[in-house]
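Residue numbers start at 1 and run along the sequence shown. Only a predicted model underlies this, so the values are computations on that prediction, with no experimental measurement involved.
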Amino acid sequence: MKTLIRTTVTLGLTFTAVSATHAQHTPKNLEPSTPRTVVVSATAAPPVIRAALLQSTLIVLPPQEKVASVFAGDTVDWVFDGGHVASRFISIKPKVAGSKTDVHIISDHGNEYTLALQEVSTDPDPHFDSKVFITPGDKTAQEKLIELPVFVPASQLDQAKQEATAAKAAEAATLKAEQTKEEEYRSQYPGTLRFDYAWDKSKGDALGLRQIWHDDKFTYLRGDFEETPALYEVKAGKPSLINYDFNDGLYTVSKELTRGYLIIGKQKVEFHRTDARN
């Protein structure tokens, strides 16, 4: 067995092209076998993969994994191709009849798969492996499949960094815009307040009413109430009980009130905006 040599990995895998000096005539009787599955275990001998001259044998990792790195014993008489993007596929082609080597695959989940490659053009059996699916046989390797990848291809890492930078910049821009909007609102808010309500002061003092005002969205009533009075809106001369929030003596009504009144027992305080026409 030759000493394992690490192949170059860029996105997927990029390897030396087929050399014309090593290529031989493809035997005409070679036939692709039906795709099969091999179980790879650290405690068992590497499965033998039958490859043929100038024919491609596709090695397929489990669906959860991608190829992170590949080590091969012979990178002169064998060609390995993982495409231009990281994937679960590796294409293998022998260039010399009868040659053998090992290939060691490391997945992005940290699993390691070793296969024994054999060129079979001179073998009595004309069949070669066209597609081989790898399944991990060890429990530890199987458990790694449901975990997050431990290796990330350089291209994906660069893309992730760029996306993270862009997302951070977008978040910062959104935050700045929100802060600017909030600052503008705070600076302008006092100018939106209107204290243009009138009511009977003596009745208001008896009930505990102190202030009534509104902005462009809400109406507020503040007082020192021994009990919380009911709040009514008056429209077209007809009163209706309305929804409001009450906290620590402050009524907050989610609209601008033109007319209304507070009432508790026999105590009643009517109020209206001084520019009201109804």
Side-chain angles (χ1 to χ4, degrees), residues 1-16 32-51 56-75 78-94 100-118 128-175:
M1 182 185 299
K2 297 184 179 180
T3 302
L4 291 181
I5 302 174
R6 183 173 182 174
T7 58
T8 303
V9 178
T10 306
L11 294 182
L13 304 167
T14 304
F15 303 90
T16 309
S33 298
T34 302
R36 67 188 179 102
T37 298
V38 297
V39 178
V40 180
S41 173
T43 59
V48 176
I49 307 302
R50 295 171 59 83
S56 176
T57 296
L58 188 65
I59 306 299
V60 186
L61 297 190
Q64 302 91 333
E65 296 185 292
K66 292 182 180 181
V67 177
S69 186
V70 172
F71 296 85
D74 186 347
T75 58
W78 290 78
V79 178
F80 306 86
D81 186 4
H84 299 290
V85 295
S87 71
R88 52 189 286 232
F89 306 104
I90 302 175
S91 174
I92 295 175
K93 290 183 181 180
K100 298 180 181 180
T101 192
D102 288 346
V103 62
H104 187 68
I105 304 168
I106 301 177
S107 79
D108 60 348
H109 282 66
N111 281 331
E112 302 178 7
Y113 305 109
T114 299
L115 305 174
L117 308 180
Q118 181 176 346
F128 69 93
D129 291 316
S130 59
K131 182 182 290 187
V132 177
F133 295 92
I134 293 179
T135 296
D138 300 324
K139 182 179 180 181
T140 301
Q142 295 170 359
E143 292 174 347
K144 287 181 180 180
L145 295 182
I146 62 176
E147 299 175 356
L148 293 175
V150 294
F151 300 121
V152 179
S155 61
Q156 292 186 7
L157 183 59
D158 290 341
Q159 181 180 357
K161 288 181 177 179
Q162 292 174 4
E163 292 176 351
T165 300
K168 188 175 182 179
E171 181 180 1
T174 300
L175 180 60

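Shortest non-hydrogen contact noted between Phe71 and Ile106 is CE1-CD1, 3.6 Å. Between Ile146 and Glu143 the shortest heavy-atom distance is CG1-O, 3.1 Å. Across every non-hydrogen atom of His104 and Glu112, the tightest pair is NE2-OE1, 3.5 Å. For the residue pair Arg88 and Pro62, the shortest heavy atom distance occurs at NE-O, 3.7 Å. Closest approach of Thr114 and Pro46 over heavy atoms only: O-CB, 3.4 Å.
With no hydrogens or angles considered, no side-chain donor-acceptor pair links Thr135 and Thr37 at under 3.5 Å. For the 3.5 Å distance criterion, the side chains of Ser41 and Asp138 qualify, holding a donor opposite an acceptor.
Taking CG from Leu61 and NE2 from His109, the interatomic distance works out to 11.0 Å, rounded to the nearest 0.5 Å. For the atom pair Leu115 CG and Ile90 CD1, the distance stands at 8.5 Å (nearest 0.5 Å).
More than 12 heavy atoms of other residues, nucleotides or ligands sit less than 6.0 Å from atom CD of Glu147. Annotation for Leu148: atom CG does not count as buried by contact number, only 12 or fewer foreign heavy atoms lying within 6.0 Å.
A donor-acceptor pair under 3.5 Å is formed between the side chain of Ser130 and the backbone N or O of Ser33. Between the side chain of Asp108 and the main chain of Lys66, a donor-acceptor pair closer than 3.5 Å is present. No side-chain donor-acceptor contact under 3.5 Å links Arg50 to the backbone of Phe128.
Take Asn111 and apply the side-chain hydrogen bond (donor to acceptor under 3.5 Å, both in side chains) test, not counting sequence neighbours, and it matches Glu65, Tyr113. Checked against side-chain hydrogen bond (donor to acceptor under 3.5 Å, both in side chains), Thr140 has no partners two or more places apart in sequence or in another chain.
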